[in-house]
Structures are given as C-alpha cells and as structure tokens.
Amino acid sequence: MASNDVNLGIGYSGMMYIGEVGTATIPASPMDTLTGFTEVGAIDSDGITVNFNKDAEPIRDWSKAIRRLASSDEGATISGKLLETTKKVFEAIFGADNVTYTAATSSHGNVTSVTVAPGVSASKKVFYFLMKDGDDMLGIGGTGILRDLGEVSFVPNQPITYDITIELDSITYTKDDGQVNS
C-alpha cells in the first residue's frame, strides 16, 4: 500500500470557507482556486467530523428476505468548533442580516453584536474545508445550512469555541494525490 493511500486529517489552513449559493463552486480538485469563497474562521485542533448519513431501511417480503433497500435519510453533516469570535463567524452562524457592526470611534473599538432569538439563523450557503497531508490535498464541502449551534463555554484560560453542525444537501469529497505528470 502506498503511503499516500493513508491520510491524516490535517487542516490545510485550519479554516472553514463559506460562499453564496450560485456564486461559490466546489472545486473539481482541492488544489484548484476557491472561487466565490470567503475564509470564515479557524477550526479548533479537534478538526471536523463528517457523518455521511447514508442509511436505508430494508423492505422484506413475507419470508423475511430483503427485496429492496429504501433510503431513509441521506445527505451529510459536518461538525466542528469555530475558534474565533469575529463578525465573519457570527454572520456564518446567525446570518449577515442578524449581525450589527459599528466601526471604531474615538470612544470605542469595532463593535459586533447579534441578538439570539428563536428563528434567528443563517441562510443556505456553500461550505468547504481543506486538508493537506504531504502532497495530498483533500476537500470536503457542499451546499447546506448551519443547523445547530451547540454549547458555548466561557471558561478562564480556555478559548471560546462555537460548536457547529452543518446539514448538507449532498457532500462532495475530493482527493488530489499531488502526483503530477511532467
């Protein structure tokens, strides 16, 4: 087995990228330029977790033999923890329309605020994550919505992280082994 067949999930930039539906496109290769994407914020050292949600219920005949599998819930989720407290992170989590930004003045610095209430959420976006292991690049992403914001802890000497889950309509997973022909 070639060593590049076993990969480590090392974040290339450590960042989550986000783009507008219809503008951002998932690249054919993770080595390609990210068109229409913006860097949102760093993911913590635990990385991301992908759940492919590929599940099917067996349809059985009278003799209990499986005759067909019926998809019950497909798509995918990506979860991780955003490590930064910034305007871009708040916009990704709560939607740009729900975030207020006031530029610095002589009496205060830049102020970003969001009021969290029922129904406050972000709209559908295109999400993308890049990983690099040696010459190999891996990309994972798709169109979906940031559906869950988990617990946010404010603990002395610990970073504030935003535990997110993104529900994707479908997922694109690409690998470029970096072995180019001359």
Side-chain angles (χ1 to χ4, degrees), residues 1-56 69 71-99 114 120-150 161-182:
M1 173 178 3
S3 64
N4 65 345
D5 289 341
V6 176
N7 291 108
L8 304 175
I10 302 168
Y12 174 64
S13 66
M15 295 289 175
M16 177 174 91
Y17 299 89
I18 194 170
E20 296 297 324
V21 174
T23 303
T25 55
I26 300 290
S29 165
M31 301 264 192
D32 293 346
T33 303
L34 289 177
T35 304
F37 285 91
T38 301
E39 225 177 60
V40 171
I43 299 293
D44 82 342
S45 63
D46 289 338
I48 61 171
T49 301
V50 176
N51 182 335
F52 289 100
N53 298 340
K54 186 129 180 82
D55 192 15
L69 293 176
S71 295
S72 58
D73 189 19
E74 294 196 23
T77 58
I78 297 177
S79 57
K81 292 181 182 174
L82 287 165
L83 191 56
E84 299 174 8
T85 302
T86 65
K87 178 180 178 245
K88 287 181 185 178
V89 167
F90 285 156
E91 288 176 345
I93 294 170
F94 302 109
D97 294 343
N98 300 310
V99 176
V114 61
V120 172
S121 65
S123 59
K124 193 173 268 197
K125 302 286 183 191
V126 183
F127 298 89
Y128 199 64
F129 300 85
L130 283 170
M131 290 164 271
K132 183 170 177 60
D133 182 12
D135 292 334
D136 289 17
M137 289 282 290
L138 293 103
I140 298 176
T143 301
I145 192 159
L146 198 146
R147 73 153 202 230
D148 288 332
L149 173 62
T161 59
Y162 301 89
D163 188 0
I164 60 168
T165 300
I166 301 162
E167 179 87 25
L168 299 173
D169 297 335
S170 64
I171 190 164
T172 301
Y173 184 93
T174 54
K175 176 183 173 179
D176 186 321
D177 68 8
Q179 308 303 307
V180 298
N181 291 328
S182 302

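In this chain, numbering begins with 1 at the start of the sequence shown.
- Using a 4.5 Å heavy-atom cutoff, the side chains of L146 and F94 are not in contact.
- In this structure, CG on N51 lies 11.0 Å from CG on L168, to the nearest 0.5 angstrom.
- Residue pairs meeting the salt bridge (charged side-chain N to carboxylate O under 4.0 Å, His left out) criterion with at least one member in residues 21-30, sequence neighbours excluded, do not occur.
- The two residues T174 and P30 have their closest heavy-atom pair at OG1-CD, 3.4 Å.
- Among pairs with a residue in residues 83-96, those fulfilling salt bridge (charged side-chain N to carboxylate O under 4.0 Å, His left out) read K87-E91, at least two apart in sequence or across chains.
- The shortest distance between side-chain heavy atoms of I48 and M16 does not fall below 4.5 Å.
- A pairwise comparison of heavy atoms in A24 and G36 identifies CB-O, 3.5 Å as the closest pair.
- Within the structure, side-chain hydrogen bond (donor to acceptor under 3.5 Å, both in side chains) contacts touching residues 19-28 (residues at least two apart or in different chains) are E20-K125.
- Sorted by first and then second residue, the salt bridge (charged side-chain N to carboxylate O under 4.0 Å, His left out) pairs with a member in residues 41-53 form an empty list; sequence neighbours excluded.
- By the side-chain hydrogen bond (donor to acceptor under 3.5 Å, both in side chains) test, T85 is found to be paired with Y162, residues two or more places apart in sequence or in another chain being considered.
- Partners of F129 according to the ring-ring contact (aromatic ring centres under 6.0 Å, His included) rule, which considers only residues two or more places apart in sequence or in another chain, do not exist here.
- A92 approaches I18 most closely through the heavy-atom pair CB-CD1, 4.0 Å.
- The side chain to side chain contact (heavy atoms under 4.5 Å, CB included) check on S170 picks up nothing, with sequence neighbours excluded.
- Heavy atoms only, all atoms of each residue included: Y128 and G139 are closest at OH-CA, 3.3 Å.
- In this structure T49 satisfies the side chain to side chain contact (heavy atoms under 4.5 Å, CB included) test together with S79, sequence neighbours excluded.
- Residue pairs meeting the side-chain hydrogen bond (donor to acceptor under 3.5 Å, both in side chains) criterion with at least one partner in residues 28-41, sequence neighbours excluded, are S29-D176.
- Considering every non-hydrogen atom in both I78 and V50, the closest pair reads CG1-CG2, 4.0 Å.
- Contact annotation: the side chain of L130 approaches that of L34 to within less than 4.5 Å [non-hydrogen atoms, C-beta and beyond].
- Note that CD1 of I145 and CD of E167 are 9.5 Å apart. Values are rounded to the nearest 0.5 Å.
- Annotation: side chain of D135 is not in contact with side chain of D177 (no heavy-atom distance under 4.5 Å).
- Residue D163 holds its CG atom at 7.5 Å from CG of L149, rounded to the nearest 0.5 Å.
- Here the straight-line distance linking atom CD1 of I164 with atom CD1 of I93 works out to 6.5 Å at 0.5 Å rounding.
- Considering only residues two or more places apart in sequence or on other chains, F127 meets the ring-ring contact (aromatic ring centres under 6.0 Å, His included) condition with none of them.
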